[in-house]
Amino acid sequence: MAEYFLHHFDASPFAEKARLMLGFKRLAWASVEIPMILPKPDLTALTGGYRKTPVLQIGADVYCDTRLIALELERRHPEPTFFPGGHRGLAQALAAWSDRAFFEPGAGLAMGTNRQGIPKAVIDDRKAFFNFMDFDRLEADLGHLEVQLKVQARLLDEQLADGRAFLLGAAPSLADIHGYFPLWMTRANVAAADSLLAPFRHLPAWEARVRALGHGERRTASAAEAHAAARAATAARAHGVDPADAAGLAAGERVTVTPDDYGRVPVSGTLVTLDLGEVALRREDPVVGTVVVHFPRMGYRVERAG
Ligand SMILES: N[C@@H](CCC(=O)N[C@@H](CS)C(=O)NCC(=O)O)C(=O)O
């Protein structure tokens with residue numbers, strides 16, 4: 001079976017989501033460290049330009065975005081399930097809440113309270129990248145960001161108030177990973193986080209339970225090793241293109257796929273999969289050979305290449 005390579009860096013909150021998913025599924029994986037800022041040539045050789053963190057590579061298949069990484073891990077490793085108790089839709093829907101409403105105030109507080117200590121190159125990169133963050137107002141907005149963070153943290157606290165172990169009941173689910181990662185980031189990066197979050201007394205024990213999912217079995221690998229694994233592998237069979245899809249595209253057409261939020265770098269290639277769950281492109285690269293790059297359909301714009 002092809003090895004799993006996670007391209008990420010340790011401080012990345014979205015990568016923490018992916019690491020917990022690998023832990024949840026009790027998987028062994030190889031960790032390839034990528035830079036926090038552009039350029040990321042070893043990553044983009046695989047992705048064709050997608051720059052966000054993390055990316056999961058399985059042989060010649062490259063999975064972008066934690067929303068799709070979760071579904072692919074669930075497909076390949078159904079047990080233990082991310083969706084106990086029939087909460088498949090709800091657990092996934094929570095990403096739209098935690099990736100934006102919960103993550104953004106935490107990220108704003110982390111940037112706003114640490115700006116002096118953050119290297120200028122990182123600030124400049126994120127100014128160009130995080131189009132949801134108003135860098136000119138960050139310090140002035142700290143109070144607002146604090147309230148917005150607490151408003152969301154309180155929802156988790158309310159959900160846990162009946163003494164349940166996890167957000168959706170007795171068993172952990174993907175919902176817990178979505179709810180946890182903004183708190184992980186905030187506690188790690190905002191000096192006052194523990195006191196800001198102190199009123200929410202059900203959170204710490206739940207956070208400890210989510211943390212205990214662990215990261216699976218991690219080893220360190222080089223980008224060269226990951227690239228060699230891509231070259232040696234053949235991509236999995238594509239799902240095909242839904243002829244009824246509103247995009248009106250056919251398999252084999254040249255298309256671009258672009259995130260519709262931030263980091264809007266288009267990736268071009270030959271369309272192999274298109275349905276409501278996923279869009280995938282085949283691309284040739286001088287370094288990694290023929291790879292298929294997979295994105296969730298949710299949050300991505302698919303267009304015929306000009
Ligand atoms: N929708 C993406 C969002 C990923 C994301 O925004 N990751 C942040 C890091 S935590 C990022 O890419 N930052 C810029 C970078 O790493 O270059 C996902 O779920 O994977």
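Both counts, for ligands and for their atoms, begin at 1 and track the order of listing. These values consider heavy atoms only, across backbone and side chains, with no hydrogens, waters or symmetry-generated copies. Please read these numbers as outputs of a predicted model, since none were measured by experiment.
Here W29 and F5 keep their ring centres 6.0 angstrom or further from each other. The distance between the ring centers of H178 and F82 does not fall below 6.0 angstrom. Between F130 and F135, the distance separating the two ring centers is not shorter than 6.0 angstrom.
Counting heavy atoms closer than 4.0 Å to ligand 1, residue K40 contributes side-chain atoms (C-beta onward) but none from N, CA, C or O.
Of all the atoms in ligand 1, the ones that sit under 4.0 Å from a non-hydrogen atom of M36 are 15 (C), 16 (O), 17 (O). For ligand 1 and P13, the ligand atoms under 4.0 Å from any heavy atom of the residue are 10 (S). Per-residue contacts place F9 under 4.0 angstrom from the following atoms of ligand 1 (heavy atoms of the residue considered): 16 (O).
Distances from ligand 1 to the non-hydrogen atoms of F130 include no value under 4.0 Å. Using a 4.0 Å heavy-atom cutoff, D65 is listed among the residues neighbouring ligand 1. For R126, the heavy-atom gap to ligand 1 drops under 4.0 angstrom.
Checked for salt-bridge contact, R219 and E225 meet the test: a charged N lies under 4.0 Å from a carboxylate O. The pair K17-D99 meets the salt-bridge criterion, since a charged nitrogen lies less than 4.0 angstrom from a carboxylate oxygen. Under the 4.0 Å criterion applied to side-chain N and carboxylate O atoms, D261 and K52 are assigned as salt-bridge partners. Electrostatic pairing of E207 and R187 counts as a salt bridge here, judged by a charged N lying under 4.0 Å from a carboxylate O.
Polar contact check, R51 against ligand 1: a nitrogen or oxygen pair lies under 3.5 Å apart.
A cation-pi arrangement is found for R51 relative to F129, the charged atom lying closer than 6.0 Å to the ring centre and inside a 45° cone about the ring normal.
For atom 10 (S) of ligand 1, the nearest non-hydrogen atom of the protein is S12 OG, 3.1 Å. Nearest to atom 6 (O) of ligand 1 among the protein's heavy atoms is Y262 OH, 2.7 Å. The protein heavy atom nearest to atom 20 (O) of ligand 1 is T66 N, 2.9 Å. Of the protein's non-hydrogen atoms, the one nearest atom 13 (N) of ligand 1 is F129 CE2, 3.4 Å. Protein heavy atom closest to atom 16 (O) of ligand 1, with residue, atom name and distance, is T53 OG1, 2.5 Å.
Classification of the F132-F103 ring pair by plane angle, with boundaries at 30° and 60°, yields perpendicular.
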